[in-house]
Amino acid sequence: MRIALCEAGALTPEHDAGARADSDLLSGFASLGHTSAVFEENESGMVENLKRFDPDLVLISRPGPFLRLYPEIAQLEKPIGYLAHDLHHRRLELQARILGQRSLSAQVMKTVESFCFTRSDLAILPTHSESIDARAIFPGANVTWMRYFNMQPESMLMPATTPDDFSVKSGLIFVGSSAHQPNLDGVSWFIHDVLPLVQSEVPDATLTVVGHWQEEQIRALTAPGVRFTGQVPGTELSTHMERAAAGISPLRFGAGMKRKTLDYLSRGLPVISSSYGVEGLSFFESEAQSRTDSAAGDATIPGVIISTSTSEWVTSVARLLQSPQLRVRLGIQGRAFVRNSFSQAQYLEDVQRVLAELERAEDE
Amino acid sequence: MSEVIRINQPSVIFDESEGVIVVINLLTGHYFRLGEGTSPLWDLLATGCTFESLVESCRNPEDLVRDWPSIRSELLKHELVVLNVASETNSDGHDAWDYSTFSIEPFTDLEDILGLDPIHEVDPGKGWPHARES
């Protein structure tokens, strides 16, 4: 099968989670024996190049490219899938509420997303719960879900964490750039409201922020124990992850599955997260429980301490930093969860299923 | 012959929430906020109607007649509606409706909103939509 993936620009997996999800998808297509190519919207002659490629299926990633490209690509009369990545308007609604903004952005985005979801032959979200919500929000839309996370082979090869490892690990890590508003808000909140209180209990508590942040943002967030590395290559990211005692996802709003949380867990790092940082993951845990006949019910996420209020965050972070045993236990549980629920085999099954759904959708 | 005025679909898409209608013109990349109270008129424009049929079904036609030239002008200026000669279109038999007010506020920062999450940035020099070289 020949599959075209349309994006706004060159894939930059080191920059953003969406591009990493696209990259995972391309490697998934290759593993399944499909031929795929990326078409960048800002390249001249993009649609002509797409026609020459003669795809069997076209996937358009994100709302902006879909909105702009759909009218021309629809003329090819090929099945068109929309890679939604998340429900963007919902995140903007939450952002406006949390930050006290009065803005049309969320409604504008909802209008755009309505177009994307209802015009595509199949819209693809990263969580089961969002796919259900999207069907209700956009009546008539054909929506499915798939894992947007393919556990990296190097993570699978990493040795199991041992207590000794944790005795030399220190500090917290956050991975993400400030270009994503929930990251900017969450890290700012954590540094201003949480970290000083943690440091009153654990004086040597530190936070390393990995990703691209602007100079003025870094200046505004300068605080004892806080270090911004800037954007780093994958090998350096691995080093930072290996040295950290725990990962944090202090997101106060958001939508979709957070790769950063799965990244931490896959490397054996325990995680402290808001509910937004683990959005959509309970489905996979419930699924894993049902496979093993474990007790059903409200699934917690293995390896993650979910915290809501500032005081909960302070307590959780301090407790985790002071207890190597707890970190080991959570690290092992979290890594097992990702291994069991986000394996390459499961990822490829999802990819194959979605491609079949998209082919079928065009026939219906 | 009367003219039928209708929303310029599929180039124009819209969504209503809590009385506020957001309209996006995909041809220009501009979006618009239609003020509260505009909904009944916008719904009628979605089906296509003549000015005469709008007036006939309106419970307070004097206000509509007074404002209509500017409403028509604004909608045409922003390419949110198109005009056709009346034929067998659905231009008659509207339910009675109340005209209260019409306001339209244009915005040109759609790319900024679309860029709020997608971290890729499209070349701003290329405008909306991109002038592609084929």
Side-chain angles (χ1 to χ4, degrees), chain A residues 7-12 15-19 22 40-49 51 61-72 74 85-86 88-89 91-93 95 103-116 118-119 138 177 179-182 212 254-256, chain B residues 7-36 38-39 42-43 46 78-80 103-134:
Chain A
E7 257 289 7
L11 292 187
T12 52
H15 275 276
D16 74 287
D22 289 345
E40 298 167 21
E41 187 188 4
N42 54 13
E43 268 188 357
S44 62
M46 178 260 180
V47 174
E48 289 307 312
N49 293 338
K51 282 179 190 166
S61 177
R62 311 182 209 243
F66 191 96
L67 190 68
R68 293 183 293 260
L69 290 171
Y70 176 80
E72 280 189 273
H85 295 275
D86 70 21
H88 303 255
H89 77 275
R91 175 175 40 75
L92 294 176
E93 282 170 0
Q95 178 179 329
S103 156
L104 272 186
S105 300
Q107 197 180 344
V108 172
M109 186 60 90
K110 189 180 171 200
T111 308
V112 170
E113 289 191 303
S114 176
F115 180 86
C116 302
T118 56
R119 300 298 172 92
F138 306 115
S177 80
H180 191 54
Q181 279 294 318
H212 178 70
Chain B
I7 295 173
N8 185 11
Q9 291 175 301
S11 301
V12 168
I13 59 176
F14 54 92
D15 177 69
E16 179 174 356
S17 177
E18 296 175 1
V20 175
I21 300 173
V22 163
V23 182
I24 301 175
N25 185 334
L26 299 177
L27 299 174
T28 62
H30 297 170
Y31 69 94
F32 307 84
R33 178 188 190 278
L34 303 187
E36 288 177 37
T38 308
S39 181
W42 188 254
D43 289 345
H78 296 299
E79 302 175 55
L80 301 183
S103 66
I104 180 167
E105 192 179 355
F107 299 88
T108 58
D109 62 343
L110 182 60
E111 281 294 357
D112 294 337
I113 294 174
L114 293 175
L116 286 176
D117 183 74
I119 293 164
H120 287 100
E121 290 186 2
V122 177
D123 184 356
K126 293 193 175 178
W128 177 286
H130 304 298
R132 293 190 195 87
E133 298 164 23
S134 52

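Chain A is the first sequence line, chain B the second, and so forth, proteins listed ahead of strands; every chain is numbered from 1. This is a predicted model, so every value here is computed, not measured.
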- Where does B/F14 contact chain A at under 4.5 Å (heavy atoms): side chain, backbone, both or neither? backbone
- Note on the structure: CZ of A/R68 to CG of B/L110, rounded to nearest 0.5 Å, is 8.5 Å
- Item | B/I24 and A/F115, any side-chain heavy atoms less than 4.5 Å apart | no
Per-pair distances, 0.1 Å, donor-acceptor, side chain in residues 15-23 of chain B, under 3.5 Å, sequence neighbours excluded:
from: B/E16; atom 1: OE1; to: B/S39; atom 2: OG; distance (Å): 3.0
from: B/E16; atom 1: OE2; to: B/S39; atom 2: OG; distance (Å): 3.1

- Distance (rounded to the nearest 0.5 Å) between B/I113 CD1 and A/L92 CG: 8.0 Å
- Heavy-atom closest pair (A/L104 atom, B/F107 atom, distance to 0.1 Å) is CD1-CE1, 3.7 Å
